[in-house]
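This report concerns only the one structure given below.
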Amino acid sequence: MNFDKEAIKEEYLKLKLHLGRQPGSKEFYKETGISEYQVVQNFHKYTSLIAEMGDSQKSFGEKYYDVEEYWNNYGDLARKLNKVPSSSEWLFHKCKLLKTSFFKKFGKNWSELPPLFYSYAINKPEWSDIIHFFSSEKESELVASIDNNPQIEFKYLQFLPPILNDFLTFSTQEGKNNEFEKQVNLVFQMLGFDTNYFGQGTGRNPDSIAKASQFGYALLIDAKARKEAYQIGTEDRKFIEYIKTHSSNLNRTGHGIIYFVIVSSEFKSITESSLKNIMTETNVVTTLFKASTLLKLLSKKIEYPSTLNLESIKGLFLNSGIITDKEIDRLLIKLKVS
């Protein structure tokens, strides 16, 4: 079977989500059935594929360690020292993992590790004797120290890949709208959708189309980076044109149900009339996702990849308006993964 560039990237992401870590080259070829020749044809080398997917190449001879191995070593030294370990103390005690490996694994400098360890260890009884070393006066400050945005609960952060560290920041910076669009597309890829990214400068297109072909539905997605809350109703005509342009082709390819999704940092109060115009002209429901709520959904998808699938999340798009954290919580309770 021939795989093009996007198909190879999709298979890489699926395997990474299944394994819960970055796959090695031999593992990738064996598990996906993709040949080394096909990777070389599209990316020149496997490490270029890794880089394009936002992962880091391991140094020659460097062994792969999972997240638990990192934090077990880090926490053990903290217990031995009876305090948060400094980088010089890590070197002095000749700890198992290289200091630079932490940066490659988490994308954070040594001084930024304490809040990450806290979010990892807070609910684990085996670290209860040392967790106070890493706590601050307010848990929200821990979140802010990780991603400068306290909108998302710290307990979800451990499941999100480093490539999304700036997602919430981009959502509030209109000058970073292009970066935000690309990351919104990436989030829907990680949720399991087959996505087509259009972005800016491609005419009357949504930013992305996300397809759930197995379950017969597709999403037309528009990302809006806004410092202030986004006001629905100002771009109705453009949205209607998006939907009409792509609906027929999507219907012909087996996507009988289409939803329109807007992602932004915040939304101003939504009235029924704000969404009625789009629904009246296209018969398509409009769903609004706050960036923080979308990250919460993704973190649970990564934590429970087989349970939180494209069939189970379809219900989130059935009702027009803003999808709240409470609706995500209700879905998780229903699926018994909360």
Side-chain angles (χ1 to χ4, degrees), residues 118-119 122-123 138-144 146-161 164 167-172 180 183-184 186-188 190-193 210 212 215 217 219-233 257-276 278-279 284-338:
Y118 183 91
S119 66
I122 183 60
N123 293 317
K138 296 180 181 178
E139 290 178 356
S140 60
E141 291 174 2
L142 291 167
V143 179
I146 297 172
D147 64 358
N148 298 316
N149 195 315
Q151 289 178 292
I152 186 166
E153 298 170 65
F154 71 92
K155 65 183 179 180
Y156 299 115
L157 292 171
Q158 62 180 305
F159 298 103
L160 298 175
L164 296 175
F167 185 79
L168 295 178
T169 302
F170 287 158
S171 76
T172 63
F180 183 52
Q183 290 217 332
V184 168
L186 179 60
V187 168
F188 279 94
M190 291 179 174
L191 285 170
F193 289 93
F215 303 106
Y217 74 97
L219 313 176
L220 303 178
I221 304 166
D222 217 66
K224 300 293 183 184
R226 293 292 187 272
K227 183 178 181 180
E228 305 295 336
Y230 178 72
Q231 176 67 64
I232 185 72
I257 303 174
I258 298 169
Y259 304 103
F260 182 52
V261 178
I262 302 175
V263 183
S264 192
S265 56
E266 289 280 354
F267 294 96
K268 291 184 180 179
S269 58
I270 307 298
T271 62
E272 186 176 344
S273 60
S274 300
L275 305 174
K276 187 175 181 180
I278 298 175
M279 182 66 178
V284 168
V285 171
T286 300
T287 302
L288 312 177
F289 264 97
K290 286 173 55 178
S292 58
T293 303
L294 188 59
L295 282 190
K296 179 175 179 176
L297 178 63
L298 175 61
S299 72
K300 281 298 180 182
K301 163 65 179 177
I302 294 173
E303 187 178 5
Y304 301 101
S306 59
T307 304
L308 204 62
N309 54 37
L310 295 183
E311 182 178 27
S312 63
I313 69 174
K314 181 180 179 181
L316 292 173
F317 307 105
L318 293 175
N319 299 312
S320 63
I322 299 174
I323 300 299
T324 66
D325 280 12
K326 288 184 178 179
E327 287 175 270
I328 302 294
D329 290 336
R330 283 196 288 269
L331 173 63
L332 298 174
I333 292 170
K334 181 180 177 181
L335 298 173
K336 298 179 181 179
V337 296
S338 59

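Side-chain contact between S171 and V263: absent, with no pair of heavy atoms (C-beta onward) separated by less than 4.5 Å. Using a 4.5 Å cut-off on side-chain heavy atoms (C-beta onward), L186 and F167 make no contact.
The OG1 atom of T293 sits 12.5 Å away from atom NZ of K326, with the distance rounded to the nearest 0.5 Å. Note that CG of L220 is 9.5 Å distant from OG1 of T286, once rounded to the nearest 0.5 Å. Note that CG of L295 and CE of M190 are 10.0 Å apart. Values are rounded to the nearest 0.5 Å. Rounded to the nearest 0.5 angstrom, I232 CD1 and I262 CD1 are separated by 3.5 Å. With rounding to the nearest 0.5 angstrom, the CZ atom of R330 is 13.5 Å from the CG atom of L335. In this structure, OG in S265 is found 12.5 Å from NZ in K224, a value given to the nearest 0.5 Å.
Applying the side-chain hydrogen bond (donor to acceptor under 3.5 Å, both in side chains) test to Y230 and every residue at least two apart in sequence or in another chain returns E235. Checked against side chain to side chain contact (heavy atoms under 4.5 Å, CB included), K227 has no partners two or more places apart in sequence or in another chain. For F260, the ring pair (Phe, Tyr, Trp, His ring centres under 6.0 Å) partners are F239, not counting sequence neighbours. Qualifying side-chain hydrogen bond (donor to acceptor under 3.5 Å, both in side chains) partners for S312, counting only residues two or more places apart in sequence or in other chains: N309. Listed by chain and number, the residues in a side chain to side chain contact (heavy atoms under 4.5 Å, CB included) with A210 are F188, F193, T195, L219, I221 (sequence neighbours excluded).
Between the side chain of Y217 and the backbone N or O of L310, at least one donor-acceptor pair lies under 3.5 Å. Listed for the Q183 side chain is no donor-acceptor partner under 3.5 Å among the backbone atoms of F180. A donor-acceptor contact shorter than 3.5 Å is absent between the side chain of K268 and the backbone of A229.
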Is there a side-chain contact (heavy atoms from CB on, under 4.5 Å) between V187 and L297 once you walk through the steps? CA-CA 10 Å; V187 168; L297 178 63; over 6 Å; no
Walk me through whether K300 and L332 qualify under side-chain contact (heavy atoms from CB on, under 4.5 Å). CA-CA 8 Å; K300 281 298 180 182; L332 298 174; 3.7 Å; yes
Please lay out, stage by stage, how L191 and L298 fare under the test side-chain contact (heavy atoms from CB on, under 4.5 Å). CA-CA 6 Å; L191 285 170; L298 175 61; 4.1 Å; yes
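The pair D329-K296 counts as a salt bridge, with a side-chain nitrogen and a carboxylate oxygen less than 4.0 angstrom apart.
Of all heavy-atom pairs spanning V184 and A223, the tightest one is CG2-CB, 3.8 Å.
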Quiz: residues 314-323 side-chain donor-acceptor pairs under 3.5 angstrom, not counting sequence neighbours:
none

